[in-house]
Amino acid sequence: HVGSWRAAYDGVLPQELLDGLSVPRRADAWRDMIARGDGQTLVAVDASADRIVGLLNVGPSRDDDAGPEVGELRAIYLLPDRWNKGTGRLLHDAGFALLAPDFTVATLWVLDSNERAKAFYAKRGWQVDGATKWDERGDAILTEIRYRIDLSER
């Protein structure tokens, strides 16, 4: 998660924000989320290097305007050396397989400045639905846009 953010947002987000990201704190947050059963989490592992190279979390939508039919792709992160190698697509497709039995629609949020992610999702049929939200991280205000996809058409 931290490695993905530092690479994806280098030169886009304030450097002090990126430098302040903590691998131990983020790992603890993921452990806590998994222990609570907050959605379903998958990891991509490089067995030859014995390391996690990507992760995904899906579950019911956390948006106030979502009904029970709406799932959410909550997170998908890859180490930069796994970008454009198919790992993201595999995680994405596995996330769809987890969401499709329980939901008819899925949403996700992406930082407005993350052109790589926006292109990735658009290529897979996600469409901007017009909703936006703002997230304050220190002195930075991050703008996120929401994408939506009909799971029954996949």
With a 4.5 Å limit on heavy-atom distance, are the side chains of K118 and V128 in contact?
-> no
Indicate yes or no: at least one non-hydrogen side-chain atom of I52 is less than 4.5 angstrom from one of L79.
-> no
Candidates V58, D38, L108 - the one meeting side-chain contact (heavy atoms from CB on, under 4.5 Å) with R74 = D38
With distance as the sole test, does S4 use its side chain to make a donor-acceptor pair with the main-chain N or O of L78 at under 3.5 Å?
-> yes
Euclidean distance, I149 CD1 relative to T104 OG1, rounded to 0.5 Å = 12.5 Å
Donor-acceptor pair, E72 side chain versus A106 backbone, under 3.5 Å?
-> no
Do other residues, nucleotides or ligands put more than 12 heavy atoms under 6.0 Å from the CG atom of D19?
-> yes
Verify side-chain contact (heavy atoms from CB on, under 4.5 Å) between T132 and R146, making sure each step is shown before the conclusion.
-> CA-CA 6 Å; T132 58; R146 188 170 65 188; over 6 Å; no
Roughly how far apart are R6 CZ and L18 CG, rounded to 0.5 Å?
-> 7.5 Å
Hey, does the side chain of R82 reach the backbone of A44 with a donor-acceptor pair shorter than 3.5 angstrom?
-> no
Indicate yes or no: at least one non-hydrogen side-chain atom of T107 is less than 4.5 angstrom from one of V70.
-> yes
Is W83 reachable from V110 through a run of hydrophobic residues whose side-chain heavy atoms are each under 4.5 Å from the next?
-> yes
Starting from the C-alpha separation in whole Å, work towards a yes-or-no answer on side-chain contact (heavy atoms from CB on, under 4.5 Å) for R25 and V2.
-> CA-CA 10 Å; R25 280 196 311 268; V2 171; over 6 Å; no
If the plane angle is over 60° it's perpendicular, under 30° parallel, otherwise tilted; pick one for Y121 and W126.
-> perpendicular
Validation row: W30, D32 side chains within 4.5 angstrom (heavy atoms) = no
Are more than 12 heavy atoms from other residues, nucleotides or ligands located less than 6.0 Å from atom CD of Q127?
-> no
Note, F103 side chain near S61 side chain (heavy atom, < 4.5 Å) | no
Knowing that exactly one of V43, L42, I34 qualifies, which makes a side-chain contact (heavy atoms from CB on, under 4.5 Å) with L55?
-> V43
If you round to the nearest 0.5 Å, how far is CZ of R26 from OH of Y77?
-> 7.5 Å
Is it true that a side-chain atom of D63 and a backbone atom of D65 form a donor plus acceptor pair closer than 3.5 Å?
-> no
Evaluate side-chain contact (heavy atoms from CB on, under 4.5 Å) for L151 paired with L99, printing each intermediate quantity in order.
-> CA-CA 8 Å; L151 294 170; L99 289 167; 4.0 Å; yes
Salt bridge or not for K133 and D112, using N-O below 4.0 Å?
-> no
Measure the spacing between NZ of K85 and CG of D46 and express it to the nearest 0.5 Å.
-> 10.5 Å
Would you say the side chain of L73 lies within less than 4.5 Å of the side chain of H92, judging by non-hydrogen atoms?
-> yes
Hey, does the side chain of W134 reach the backbone of E144 with a donor-acceptor pair shorter than 3.5 angstrom?
-> no
Is there a side-chain contact between N114 and F120 (heavy atoms, below 4.5 Å)?
-> no
Could you tell me the separation between the CD atom of E16 and the CG atom of L21, rounded to the nearest 0.5 Å?
-> 11.5 Å
Non-hydrogen side-chain atoms of M33 and T41 separated by less than 4.5 Å | yes
Parallel, tilted or perpendicular: rings of Y9 and W5 (30°, 60°) | perpendicular
With a 4.0 Å cut-off, would you call D28 and R31 a salt bridge?
-> yes
